[in-house]
Each structure stands twice: as C-alpha cells, then as structure tokens.
Amino acid sequence: MLERHLQALFGFTSFRQGQKEIIEALINGADVLAMLPTGRGKSLCYQLPAFLANGVTIVVSPLLALMEDQVQQLKSIGLKQTAALNSFTEKAERRRLLRNLARVKLLYTSPEMLQSRELLAALAKVKVAYIVVDEAHCVSYWGHDFRADYLRICDIKQALGSPPCLAITATATKEVRADIKKQLDLRTPFEHIESVNRSNIVLLAEEAADQAQKQQRLVEMVATYQAPGIIYVQSRAQAEACSAYLAQEVKHVRTSFYHGGMENADRLLVQQQFMNGQLDVICATNAFGMGLNKTDVRYVIHLHYPLDIASYIQEIGRAGRDGALSFALLLTAREDRVQAKNLLKKNDFTADEWVWALSQLKVGEPLDFPSFENRLLAMQSDQARTVGYLLEKWGVIKGGLVQSFSMAKLTSLLHRHFKEQIAAKQNRLLPVFHYGRDDQTCRRQQLLSYFDEVPAPHNPCCDVCGLTLDSFKRTPVNVNEAPFLWEEELKAVFAVAEGK
DNA sequence: CGAATGTATCCTAGGATACATTCGGTGCACTAGT
C-alpha cells in the first residue's frame, strides 16, 4: 500500500531499512524519534507522509542552504507543493506563500522564522499535519548554546495543537536523545535507533609532542594518503593558515579552506569545487560538512579536540559514504587540551553587565526581544536571546509583559544556569580527551560506548587493534604527465568562450 | 590559557618596548546607512 505511493511519488520500488516503520508510526499519529545513518534516506521519512496527509507539514531545518537544496530537489521530481520560508524569501513571495499556505504540503523553515507572528497567524488558519525537526541533535546542541529558538519549537508545537512530531538525526548520544524528547515534549515516542558504527572507517589517534611535530605529521599524511580529505581545525585563522601551509609543503595537492566568516558565495564555491573533485583537501572549522553530499572522502583528520564524542562521530562520518575503506585520525598535541577547555568559557555569565541590563526591565511594560537585545549592545545578542528565553521560562515575562521579580534571585539563577552550561560542556569534552590518550582500549569500543553500543569484532578496526595505514597510500602521481600550465588553460577557456 | 592586537610611554619623532585588552566555533534574522 505505502509502496504504491512510494513508487508513484518518488519512483522507488521499495523502502530502505527503518523508513517504513517510521512512516507508519507517524501516519498512525505517534511522535517519532529516529536516528538513521546519513545517506540512508532520512528525508523520505517525512516527505512521503507529508504528501499523503491532509494539511501542511512543517520542517524545521538548521541551515538555509539545506532548505533551498531540499525544495529544489523535490520540485525537480515534480513535487511542487513545496516551499521554504526564511530570510531569503522575498517580501512579496512571503506574502503570497502565507496567503496560499493551504495549498502547500511541505514547508521548510528555520526555528527563528517559526517564531514570527506572521507565520503563526497563517498556520493557525490551516491544518498542520506534522511537525518535523530535521537534524534534531541541533535542539540539544545549539538550543542551549546560541540558538535559543530551538527550545521554543515546543511552544509552537503546542500552539498548533500538538500534531505528530518527528525528530530525526544521524547522531545523538543517549543523553542527547533524552534531551530532544524533553525539549520537544515527545510523549512515549516510537523510537527507531540505528547503530552509528561505520565499519569502513578505521580509527586512529596520535598525540604529538608539540605543534611543530603535529604540522610535520600532517604534511606527511596529506602527501602520503589518498585524497580527498577533510581537515578540521579549531579557528578560522587556522583553517586559512593550514590550507596555505599544505599548498606550499605538499606537491600536487589542491587545497582550500572553509569557515563561517566567509562570504556565502565563497563558501558555496569551495564546497562545489570539493564536490566536483577540483580540490583534494579542505581545511575547515566545524562550519563545514552539514548536508555535504560527497561520497568518496577518504579521510578526516582533526588537528584539535572536537567538543564532544557525538560531534566527532558526526564529523568523521563524512568519510567513506561510498562504503570504501577510509580513515579518521585525531591528531593533537598536549596544549590543545588547554585551548579546548578555555574556549568553552567564552560564553561565561558576566553578572555585572546583566544586572545593569535587567534593571532596565520595567514591571508591567512589554519586553520585545529586538529592543531588549539592542539595549545590550555590550553583550553578545546570542546570550541575550538565551536570557530572553529563560525569563519567559521562569515566568519573569508573561504574555510579553515584565512581571515583578527579585533582581538578586534572578541574577543568581542566571549565574547558576550559565555555570551549569559550561560544566556540562566540560563534561562532554572529557571523554574526547580520554579518546585521544587511551591507547589501551579499542577506539571503536570507546566511541560506541557513548551510544550504548558494543561493536562486533572489526577488521581492520583501529590503531589500538594493530592497524597500519599502508593500504591508504595515494595512487602515485605520474611525473611524466605534462604539468598544468594555467596560462595555457586560461587561453583555451577564453578561446572557447569567444567561439574560436 | 596564550596569541594577537591595541595603547601608552619614552620624548623635539617615530620606532621600540612594556603593559593592557581582546579573542578564540557553530547561524538565524533584521536594520540602517550606502
């Protein structure tokens, strides 16, 4: 029955593992928490029910680029009742979309946009079939940190009459899964959890004596092993420096960098070049990779400690999507641990500034967030948004109006909240340090234990289990091949362009 | 924490030095001024 719709809408003849159970649970009105490996058809799990349902399905997506991708892809296969609503959407288009919302089956939007009164008003007039939170681990990761609107999804869900909700992700530890359920108020959800183990990715960790040795080791690796590869570093500056350094030190390697401080167009270009095989190595911050659809990445090397085990799994999981043997190396030095720990303190609560800011709140007056944030120019507005969220949660703001409150109590609550956030982050960081240093326990076993999994014996597995990387050597560069003469190439390109 | 940048000081001039401050990752949306 469902198979017939699958064939008619998407042209597939059968479901892949997990899809049918998830779809059936959703259609039967249950909340669903699903963890499926990347590239295994996560989006189909909500797209099919959306097109079968009466009403509109809201998909909350973390990145504008992901939304645009999905919408384009669906439209290209003829499923045109699909739209994205975000800051890219032109004003006129936005109005048109909201007026005709009843005709849309699948609406992609951001957690921030989901808070807009305009959208809510429009949604109140139509039937909402399902609410889907894509990349649901972001609720737990980003929600508590710098995108508080992720924690407000739940209120919207309730305001819309709590339609069945699907939270779907590729990577979430048991703690993160519990948090997702709590934050989205999933009651006795149907859970489909698959292993995060990727048996074709072998695992290695090395601690270098210092930065110089680390750098030298990196050059060796990039020169020796088969590209393409991704190199993750701590900061934007390091991403750029690392790319320049490799380009200089390793012959025949085409590198570039990627981080959140770049122009959108540049980010897109670099990602495209990497996708098309025009680049061998990308040096990047953790901004790189979500939604990346490249199958033949042969290695992922970290030059810093990732923030927690789940992020590490997520990032190394970008290797070997084609199933071919790939490797993941955590290459660090002792001082990187200090750096990682201190980065966490960045969002520490600065009580003095907040006392001043909170003293600006007038009982009985409305608090609207943009102006609240504007008054806090001295502070990061991300923290202001989090504080705004907490003020509502703790009842200091009710119905948009400031209630009477005790300044002393409030500041101590806030102080404790941010302290706890930092402590929680530090606790998630410790296992990563341990992973980098414990050379006695199988690495796969270490990683999987955070997901309550015990790995079956693997071969090849990891450096602890006696692995060497010989089979990953690069196919030799043919030295007789004519060198790449870019001036000639450029001339040829122009000749073609001019129709000669 | 530690690297990088900013500021004060020396004193007939701008470059060296010491000390202080800031910054380090992830993204949405919106506004005001070009």
Side-chain angles (χ1 to χ4, degrees), chain A residues 60-68 84-91 94 108-119 133-135 137-153 171 210-211 232-242 257-264 267-268 283-292 302-308 310-312 314-315 333-348 350 368-375 377-386 388-389 421-422 425-426 428-429 432:
Chain A
V60 182
S61 170
L63 302 182
L64 301 183
L66 289 184
M67 298 181 214
E68 303 297 332
L85 182 68
N86 54 46
S87 58
F88 273 11
T89 321
E90 306 257 334
K91 268 225 164 73
R94 194 180 296 192
Y108 286 85
T109 193
S110 64
E112 288 80 6
M113 191 55 85
L114 195 57
Q115 298 299 319
S116 102
R117 279 176 210 156
E118 225 185 343
L119 175 57
V133 182
D134 200 6
E135 309 285 356
H137 57 279
C138 293
V139 171
S140 185
Y141 281 43
W142 291 357
H144 298 294
D145 202 2
F146 71 104
R147 286 181 81 176
D149 291 304
Y150 258 108
L151 304 180
R152 297 171 179 270
I153 295 175
T171 321
D210 53 33
Q211 297 301 328
Y232 280 109
V233 296
Q234 179 82 274
S235 71
R236 296 172 175 184
Q238 280 169 32
E240 300 192 11
C242 182
F257 56 85
Y258 186 105
H259 57 68
M262 293 159 64
E263 295 286 329
N264 273 339
R267 292 171 70 157
L268 210 62
C283 304
T285 62
N286 59 359
F288 184 71
M290 200 187 273
L292 180 74
H302 281 73
L303 295 184
H304 70 113
Y305 283 101
L307 288 176
D308 55 75
S311 305
Y312 188 59
Q314 183 103 22
E315 285 163 8
R334 173 185 294 267
E335 60 257 42
D336 293 332
R337 284 204 288 277
V338 181
Q339 220 192 0
K341 240 189 255 174
N342 289 315
L343 188 56
L344 300 184
K345 291 186 186 148
K346 199 183 73 175
N347 291 333
D348 206 353
T350 39
D368 67 321
F369 289 109
S371 76
F372 181 60
E373 284 167 25
N374 286 342
R375 278 189 245 158
L377 283 178
M379 282 151 255
Q380 298 222 338
S381 82
D382 293 338
Q383 201 180 36
R385 260 188 113 59
T386 301
Y389 166 77
Q421 286 302 314
I422 290 167
K425 280 188 175 186
Q426 282 175 339
R428 290 197 294 265
L429 186 58
V432 187

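Reminder, nothing fancy here: chain letters follow the sequence lines and each chain counts from 1.
Rounded to whole angstrom, the span from the CG atom of A/D145 across to the C1' atom of B/dG25 amounts to 9 Å. Residue A/H259 contributes atom NE2, which lies 11 Å from atom P of B/dG24 at whole-angstrom precision. For the pair A/R236 CZ and B/dT26 C1', the interatomic distance rounds to 9 Å; values are reported in whole Å. Between the CG atom of A/D210 and the C1' atom of B/dG2 there is a distance of 16 Å, given to the nearest Å. Look at CZ on A/F288: it is 13 Å from P on B/dG27, rounded to the nearest Å. We find that OH of A/Y258 is positioned 13 Å from C1' of B/dG25, with the value rounded to whole Å.
Scanning for salt bridge (charged side-chain N to carboxylate O under 4.0 Å, His left out) contacts around A/R267 gives an empty result, with sequence neighbours left out. Looking at residues two or more places apart in sequence or on another chain, you find no salt bridge (charged side-chain N to carboxylate O under 4.0 Å, His left out) involving A/E240. Partners of A/D336 according to the side-chain hydrogen bond (donor to acceptor under 3.5 Å, both in side chains) rule, which considers only residues two or more places apart in sequence or in another chain, are A/Q211, A/K214. Residues forming a ring pair (Phe, Tyr, Trp, His ring centres under 6.0 Å) with A/H259 (at least two apart in sequence, or on another chain): A/F257. Under the ring pair (Phe, Tyr, Trp, His ring centres under 6.0 Å) criterion, A/Y108 pairs with no residue at all, not counting sequence neighbours. Legend: residues meeting side-chain hydrogen bond (donor to acceptor under 3.5 Å, both in side chains) with A/E135, ordered by chain and number and at least two apart, are absent. Partners of A/H302 under the ring pair (Phe, Tyr, Trp, His ring centres under 6.0 Å) rule, at least two apart in sequence or in another chain, are A/Y232, A/H304, A/Y312.
Within the nucleic acid shown, A/Q339 has no heavy atom closer than 4.0 Å to any nucleic acid atom. If you check every strand for non-hydrogen atoms under 4.0 Å, A/R337 touches nothing.
In this model, the phosphate group of B/dC23 is not approached by any side-chain N or O of A/S235 to a distance below 4.0 Å at OP1 or OP2.
A/T109 places a side-chain N or O within 3.5 Å of a backbone atom of A/L85 that can act as its donor or acceptor partner.
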Legend entry - Reading 5' to 3' through nucleotides 28-34 of chain B, protein heavy-atom contacts under 4.0 Å coded B for base, S for sugar-phosphate only, - for none: SSS----
Legend entry - Structure string for DNA chain B in dot-bracket form, Watson-Crick and G-U at under 3.5 Å, | interchain: ((((((((((....))))))))))..........
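Between the OG atom in A/S110 and the CG atom in A/L63 there is a gap of 10.5 Å [rounded to 0.5 Å].
With B/dG27, B/dG25, B/dC1 as the candidates, the nucleotide lying closest to the side chain of A/N286 is B/dG25.
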